[in-house]
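Worksheet: the structure to be examined is printed underneath.
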Number of protein chains: 2
Amino acid sequence: MTASISIDFAQATAPQVYDWLRAAILSCELPPGARLSETEIGNRIGVSRQPVREAFIRLASEGLAEVRPQRGTYVSGISTSAVLSARLIREAVESDLVRMLAPLADDALLQRLDAEIDQQRTAIDRHDVPTFVTLDDRFHRLLAELAGHEAVWLVLDGLKSQMNRVRHITARTFDISRLIGQHEAIIAGLRAHDPAQAEQAMRLHLRELLNDLPEIERSRPEIFLP
Amino acid sequence: MTASISIDFAQATAPQVYDWLRAAILSCELPPGARLSETEIGNRIGVSRQPVREAFIRLASEGLAEVRPQRGTYVSGISTSAVLSARLIREAVESDLVRMLAPLADDALLQRLDAEIDQQRTAIDRHDVPTFVTLDDRFHRLLAELAGHEAVWLVLDGLKSQMNRVRHITARTFDISRLIGQHEAIIAGLRAHDPAQAEQAMRLHLRELLNDLPEIERSRPEIFLP
DNA sequence: AACCACATACTTGTATGGGAGTAAAGGCTG
DNA sequence: CAGCCTTTACTCCCATACAAGTATGTGGTT
């Protein structure tokens, strides 16, 4: 059974239902293939079918759910090609961003990045995987922000929705401590004011998923689309 | 008054309304700031508020409309930062794609691209701007497809929604014939099997918008967000 | 004339009922 | 026993009714 939700009736309920379901899907609390029913969810949280339905529509429009008319609504399976597309886009964009960032990297900027690394290392030492995932996101977001393109990260963050479900599994399965070394390699490239070095480090970092994805597909084929 | 629509009652109406409104917004037939009323549109096309409302929700979720509760729904203004983000992402991704494509460029592939150029030239000679815009999309999509990443283009196409409204104005205002020369420069880089040359040509091509955008903002400030 | 209060006509948000279609279970027939 | 048909329960889709909030215009007061 998924975690419950308390509706704030002072605000519109449909967005609240949407946020709740989206978080549950991205964390794989609602795994791919799970059935979603308007009436069932509506009854459980004490609202009518309408707001739930509107949440379904938004989830379907971003590919997280699939409504089959007169049949039912289901959590979408993970599309391998969507994950690979999002990864390729991230690599292209973020490698460009760090290239633009290399000439701008001054001491203050490098110190902020080093501070992030410290926090990441603390999370790893505590084996606190969820925190590390959050910090990893924040690290990449910070790079975009420092390059003067925070809005770009917002777009990438939306794209990652398919990717995040995989990463949620990756983080539990694979050794994530080496990711810190890759982060440090990116910073090293920035510190050297070497765009090519920073770009290459970023590309290597974001290609990690390519190594892990086949094994994830083998180990849990049921959560992927055929 | 916008072009009308005939609903096929054999199929779900909400997606039809969505497609219709989306096309009207992207073509600026419904300009930024235009008011959208659930009841008004529903009455006009002979359906209830509900399917129209669901179309609004999807449009709002991709940033093309803005629903202000109890106030009204309006076509979103064009966000300059969203346009710039989409452009930056396109440049990063498509320059990567042509770089991957350069080693793969054989005669058959180059012939397909040359054929596209011929069609583009025909459209320009006829001053057929809408056709050229369609062909331009197809050209870029073809490059992605030939690089083996058609799915990536689908993502980019969704991102471009903000950009397309600007381009619609650009095409009417600026000299688009030079775009063909830029397309040819990309092909020249592929023909030479020179990834760096192809990449540079693509980057120059996609930076055109940076030249035009400030002038568009000056000439039509009312369609941009503050 | 300027300003405030209220009534009215809107807007979107939610609840509910009916319709059409699907799927699975049960009973009938061969 | 196997296969087909009917029934039944369920799904989403659309229409309608009601609720709550906002903007506007009108009337009276100051």
Side-chain angles (χ1 to χ4, degrees), chain A residues 2 4-22 24-25 30-77, chain B residues 2 4-22 24-25 30-77:
Chain A
T2 67
S4 194
I5 179 182
S6 63
I7 296 293
D8 175 9
F9 288 99
Q11 296 185 353
T13 69
Q16 299 179 62
V17 176
Y18 165 78
D19 290 336
W20 174 59
L21 287 175
R22 183 173 192 272
I25 292 174
L30 285 172
R35 186 193 185 91
L36 303 173
S37 164
E38 294 179 359
T39 53
E40 196 261 332
I41 293 178
N43 288 337
R44 174 147 36 122
I45 64 181
V47 300
S48 79
R49 301 187 332 252
Q50 200 58 40
V52 180
R53 171 176 173 76
E54 297 181 357
F56 286 5
I57 290 172
R58 289 184 59 185
L59 291 171
S61 78
E62 56 182 311
L64 292 177
E66 183 185 0
V67 313
R68 286 190 275 185
Q70 278 73 39
R71 259 175 249 205
T73 301
Y74 302 86
V75 176
S76 293
Chain B
T2 66
S4 194
I5 179 181
S6 64
I7 295 292
D8 175 7
F9 288 99
Q11 296 183 352
T13 70
Q16 300 179 63
V17 177
Y18 166 77
D19 290 337
W20 173 59
L21 287 174
R22 184 173 192 274
I25 292 173
L30 285 172
R35 185 193 186 91
L36 303 174
S37 165
E38 294 179 359
T39 52
E40 196 261 332
I41 293 178
N43 289 337
R44 175 145 40 117
I45 64 181
V47 299
S48 80
R49 277 177 47 210
Q50 206 54 44
V52 180
R53 172 177 174 75
E54 297 179 358
F56 285 7
I57 291 173
R58 289 184 58 184
L59 292 171
S61 78
E62 57 182 310
L64 291 177
E66 183 184 359
V67 178
R68 286 190 274 184
Q70 278 73 40
R71 258 174 250 207
T73 302
Y74 301 86
V75 176
S76 292

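Each chain gets a letter, A, B and so on, in the order its sequence line appears, and its residues count up from 1.
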Whole-Å gap separating [atom2] ([N]) and [atom1] ([X]):
{"X": "A:E38", "N": "D:dC14", "atom1": "CD", "atom2": "P", "answer": "11 Å"}
{"X": "A:F9", "N": "C:dG13", "atom1": "CZ", "atom2": "P", "answer": "16 Å"}
{"X": "A:Y74", "N": "D:dC10", "atom1": "OH", "atom2": "C1'", "answer": "10 Å"}
{"X": "A:L36", "N": "D:dC12", "atom1": "CG", "atom2": "C1'", "answer": "13 Å"}
{"X": "B:Q11", "N": "C:dA20", "atom1": "CD", "atom2": "P", "answer": "17 Å"}
{"X": "B:R35", "N": "C:dC10", "atom1": "CZ", "atom2": "P", "answer": "11 Å"}
{"X": "B:R53", "N": "C:dA15", "atom1": "CZ", "atom2": "C1'", "answer": "12 Å"}
{"X": "B:R49", "N": "D:dA17", "atom1": "CZ", "atom2": "C1'", "answer": "10 Å"}

### Task
Please tell me if the side chains of B:R44 and B:E40 come closer than 4.5 Å, counting only heavy atoms from C-beta onward.
yes
### Query
Could you give the distance from CG (A:L21) to CZ (A:R58), rounded to the nearest 0.5 Å?
11.0 Å
### Summary
CD of B:Q50 to CD of B:E38, rounded to nearest 0.5 Å, is 7.5 Å
### Query
If every non-hydrogen atom of B:R49 is compared with every non-hydrogen atom of B:T39, which pair is closest and at what distance?
CD-CG2, 3.3 Å
### Task
Identify the two heavy atoms, one from B:R35 and one from B:R71, that lie closest to each other, and give their separation to 0.1 Å.
NH2-O, 3.3 Å
[N] phosphate, OP1 or OP2: any side-chain N/O from [X] under 4.0 angstrom?
{"X": "A:T73", "N": "D:dC12", "answer": "yes"}
{"X": "A:T39", "N": "D:dT11", "answer": "yes"}
{"X": "A:R71", "N": "C:dG21", "answer": "no"}
{"X": "A:S48", "N": "C:dT16", "answer": "no"}
{"X": "A:T13", "N": "C:dT14", "answer": "yes"}

### Task
Could you please name the option among C:dA15, C:dT11, D:dC12 that lies closest to any side-chain atom of A:F56?
D:dC12
### Query
When you measure from the side chain of B:E54, which nucleotide among C:dT14, D:dC14, D:dA20 comes out closest?
D:dC14
### Task
State whether the distance check finds a donor on one side and an acceptor on the other, under 3.5 Å, for side chain A:R68 versus base C:dG21.
no
### Message
So for B:Q50 and D:dC14, does any side-chain atom that can act as donor or acceptor lie under 3.5 Å from a complementary atom in the base?
### Response
no
### Task
Map A:P69 and A:V47 onto DNA chain C by nearest heavy atom, then report which one ends up closer to the 5' terminus.
A:V47
